[in-house]
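Numbers restart at 1 for each chain; the letters A, B, ... are given by sequence-line order, proteins then strands. Any value given below was found using the heavy atoms of this structure, including those in side chains, with hydrogens, waters and symmetry copies removed.
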Amino acid sequence: MTYDLILDKAALRRALALCTKPTALDFETTSLRPIDGRVRLAQLRNDELRCVVDFDQIPGGFAACAGLFLGLGPWVVFNSGFEMRWFLAAGAAPDIIDVGHLRRARMGGGRFSLADMVLWDLEKVLEKTEQVSNWAAPELTDAQLEYAIKDADVTFELYQHWTGKTTAAHDRAAQLLDDMTLGVIEMEEAGMLLDRRAHRDLVRRWEEIRDELATQVRSLIPEEDVANLNSNPQFSDFFSRIFPDRVLSVWPKTEKTNQLEISGEALSKMAGLFPGTPIETALDALSRYRKIQKYLSSFGQTVIDTAARSADGRVRARFNVGAARTCRFSSSGPNLQQVPRDKKLFASDDDQTRVRKSFIAPPGSLLVSYDYSAIEMRVLALLSGDDQLLHDVVFGDVHSEVAAVIAGHKIDKKTPEGKAARSAAKGVSFGIIYGSAAGGLSITMRTTLEKAQSYIDFWAARYPRAFAYRFLMQEEAQSTGFLTMNDGGTIYLGKKNADLPKCANYPVQRAALSVMARAITRHKATLDRLRGSGELDRDRTMLLATIHDALIDEALEDQAEIVKQAMAEDMTQAYLDFFPGAPTDNLIEGGVGPNWADLG
DNA sequence: CGAGAACGCGCG
DNA sequence: AAAGCGCGCGTTCTCG
């Protein structure tokens with residue numbers, strides 16, 4: 001099968017005249033980002049068109065032609081963020097459908113390449129060796145052109161494959177993801193500013209603490225016994241040698257290799273068996289050493305280096321749309337969704353982690369952030385139609401309510417007993433959302449099987465519809481292999497894998513994501529409108545991040561209130577998009593401040 | 001020497 | 001029958 005090589009604008013217009021229907025589109029570019037490269041080729045493919053456009057042969061290149069793609073298509077692509085970036089750089093934002101989103105709408109989310117989809121869905125091997133070839137060469141080889149058109153071919157095949165397997169409901173779910181493209185690009189391009197001096201000071205303090213703890217551990221466990229303080233196998237071997245069987249038998253073991261678990265939790269637990277002894281001191285010191293070492297390796301110098309590599313001192317992460325099974329986002333390179341909350345490093349002293357304090361707004365600007373309160377509990381109540389749960393989560397404090405009934409009387413959140421009771425109740429409710437049974441719950445709550453079961457029984461009696469909803473979802477998955485989501489999408493589980501934890505949690509996690517997806521889409525549109533009208537500064541107002549149930553913006557100091565109001569409105573309306581008429585009382589919580597930690 | 005498994009842990 | 005959900009990343013260690 002042959003393809004047309006398009007080398008002038010008139011021929012491009014003729015080809016585009018055939019693109020008033022879904023048409024696969026793929027670019028080959030001279031770099032990964034518009035800032036330092038250009039679109040060399042565009043490949044177009046539908047049932048009556050198969051062509052490669054060489055923009056180096058057209059005066060003005062792609063930038064002079066991008067507008068011609070508007071009002072056509074929709075353009076079917078793999079990874080909408082990539083193609084959209086090049087369109088945006090050329091001042092156009094055409095209608096785009098991501099075939100990956102179609103797959104996610106039907107099967108559930110995940111991170112995968114075009115080659116993965118071709119293998120899984122078309123059962124073919126996609127050759128990728130030409131992908132990194134020189135797309136700036138004056139004369140492209142036949143192999144390059146053949147490779148280029150092949151990507152458009154498979155993209156079109158994948159589109160046909162998935163439209164044959166999806167319904168209008170799936171299309172809505174895919175659209176929900178497609179619609180976030182512009183907002184996500186804004187977040188990824190903005191990045192978060194790091195206060196490198198403050199963070200460097202923090203890292204130095206961490207290093208002091210780590211060195212002190214290492215000395216403590218070393219005074220009791222010399223190098224001859226354990227050469228590397230970061231090595232779990234070495235500690236497992238050493239402890240296996242020195243401790244008697246009665247100790248080893250209660251030491252938690254690792255899953256795959258059945259070694260001694262060298263986790264903070266296991267170390268603290270085992271330390272508790274030797275009160276007032278040097279063993280307790282050593283195990284506690286090791287537990288602390290591990291914690292601080294984690295902070296240093298994950299959130300220390302590497303974060304400073306990442307910021308220092310960018311021209312403006314910002315940390316730019318990726319926000320991967322639909323990356324989780326439930327289509328939740330993931331973040332990577334670095335993962336901004338796992339930056340530690342600012343809190344005490346160790347319960348017994350005053351050192352703070354303060355990592356979020358290092359992420360700042362530039363001079364003259366502020367950060368603005370809102371998050372949804374207890375969104376998963378809310379959506380479980382709404383999905384299941386459980387009025388009691390909805391009432392408790394909206395107008396009260398579910399955890400305190402549950403704690404009160406378990407205790408048989410009102411609890412006081414200020415007393416240690418009250419705190420413990422509430423914390424236990426929290427464990428029960430999370431257990432319900434995670435679909436846990438008495439066995440799992442008794443382990444995480446560190447209680448007996450009987451007590452765990454009684455908590456579950458209580459929860460089931462107070463919130464019968466929410467409790468039963470999870471089993472209804474499981475029944476669906478066991479009979480069809482699929483779970484149906486609130487946004488019209490489905491997640492493939494397979495009848496055999498329809499266990500309660502997944503069937504209980506996926507619909508809830510997905511519903512929360514669907515609300516956030518609408519929030520991002522609405523908020524991006526709102527910011528664009530206010531920037532367009534001049535009410536907000538065009539260059540210094542931006543969407544920075546989504547942390548699952550939260551949004552973060554940056555805005556000029558005297559415009560932060562406007563942005564805050566807009567964010568609150570957008571997030572509230574987004575929730576109503578999926579749950580019209582639902583109560584919005586205490587739905588969101590937010591603030592404005594100079595850094596990520598201090599958002600009053 | 002590089003890839004990948006295993007572990008542990010940060011976040012929601 | 002058995003079952004707490006979802007991620008990404010740094011480190012160590014094994015394997016080929």
Side-chain angles (χ1 to χ4, degrees), chain A residues 108-111 226-237 252-267 287 290-303 306 317-320 322-343 345 353 355-356 371-377 380 426-445 452 455-456 470-471 474 483 491 493 496-510 512-513 516 545-550 596:
Chain A
R111 289 180 76 180
V226 175
N228 186 343
L229 293 187
N230 299 322
S231 170
N232 291 357
Q234 289 178 26
F235 272 110
S236 177
D237 286 350
K253 308 296 189 300
T254 63
E255 168 135 18
K256 310 268 184 190
T257 56
N258 205 35
Q259 297 194 67
L260 301 185
E261 190 181 302
I262 313 297
S263 64
E265 193 182 338
L267 291 170
S287 170
R290 287 302 185 83
K291 187 178 176 75
I292 199 83
Q293 184 60 31
K294 166 79 174 178
Y295 277 91
L296 277 165
S297 61
S298 293
F299 312 108
Q301 191 61 40
T302 52
V303 178
T306 303
R318 297 177 61 175
F319 292 93
N320 309 303
R325 208 72 182 99
T326 54
C327 288
R328 269 229 283 205
F329 279 92
S330 76
S331 169
S332 55
N335 180 357
L336 274 187
Q337 293 179 329
Q338 63 166 173
V339 174
R341 285 181 149 279
D342 286 28
K343 59 187 175 195
L345 201 47
T353 56
V355 185
R356 292 192 176 190
D371 58 62
Y372 288 107
S373 326
I375 186 67
E376 294 199 334
M377 202 60 76
L380 174 59
K426 202 168 169 178
V428 178
S429 293
F430 272 99
I432 297 294
I433 279 184
Y434 296 152
S436 78
L441 194 62
S442 67
I443 291 167
T444 41
M445 290 182 66
Y455 296 157
I456 292 173
R470 308 166 315 144
F471 296 103
Q474 187 180 25
L483 282 167
I491 297 179
L493 263 183
K496 299 262 192 301
N497 298 321
D499 53 83
L500 184 61
K502 288 183 171 58
C503 295
N505 187 254
Y506 283 9
V508 170
Q509 196 178 109
R510 175 62 160 272
L513 174 278
M516 177 52 75
T546 172
I547 317 291
H548 303 302
D549 65 354
W596 193 0

Run the side chain to side chain contact (heavy atoms under 4.5 Å, CB included) test against A/P252 and tell me which residues pass, sequence neighbours left out.
A/E261, A/A266, A/K269, A/M270

For A/E265, enumerate each residue passing the salt bridge (Lys or Arg N to Asp or Glu O under 4.0 Å) test, keeping only those at least two apart in sequence or located in another chain.
A/R446

With sequence neighbours left out, write down each residue that passes side chain to side chain donor-acceptor pair (under 3.5 Å) with A/T546, or none if nothing qualifies.
none

Degree of bending, the helix from B/dC1-C/dG16 to B/dG12-C/dC5 (end axes from five pairs; round to 10°)
0°

Between which nucleotides of DNA chain B, read 5' to 3', does contact with chain A run, using atoms under 4.0 Å from its heavy atoms?
B/dA6 to B/dG12

Side chain to side chain contact (heavy atoms under 4.5 Å, CB included) partners for A/S231, two or more places apart:
A/N228, A/P233, A/Q234

Is the base of C/dG6 touched by the side chain of A/R325 through a donor-acceptor pair closer than 3.5 angstrom?
no

Counting only heavy atoms and a strict 4.0 angstrom limit, can you tell me which residues of residues 331-340 of chain A come near DNA chain C?
A/S331, A/S332, A/G333, A/N335, A/Q338

Between the protein and nucleotides 11-13 of chain C, which nitrogen or oxygen pairs are less than 3.5 angstrom apart?
from   : atom 1 : to     : atom 2 : distance (Å)
C/dT12 : OP1    : A/N228 : ND2    : 2.9
C/dT12 : OP1    : A/N230 : ND2    : 3.4
C/dT12 : O3'    : A/S231 : OG     : 3.2
C/dC13 : OP1    : A/S231 : OG     : 2.3
C/dC13 : OP1    : A/Q234 : NE2    : 3.0

Of A/T302 and A/G435, whose closest DNA chain C nucleotide lies nearer the 5' terminus?
A/G435

By side chain to side chain contact (heavy atoms under 4.5 Å, CB included), A/R290 pairs with (sequence neighbours left out) A/N232, A/F235, A/I262, A/L286

Which donor-acceptor pairs under 3.5 Å do the side chains of residues 428-438 of chain A make with protein atoms, sequence neighbours left out?
from   : atom 1 : to     : atom 2 : distance (Å)
A/S429 : OG     : A/W459 : NE1    : 3.0
A/S436 : OG     : A/G431 : O      : 3.3

Got a sec, which residues hit salt bridge (Lys or Arg N to Asp or Glu O under 4.0 Å) with A/R470, two or more places apart in sequence or on another chain?
none

Only counting residues at least two apart or in another chain, list the ones meeting side chain to side chain contact (heavy atoms under 4.5 Å, CB included) with A/D371.
A/D549, A/A550, A/E589

Whole angstrom is fine here: how far is it from CZ in A/F299 over to C1' in C/dG8?
10 Å

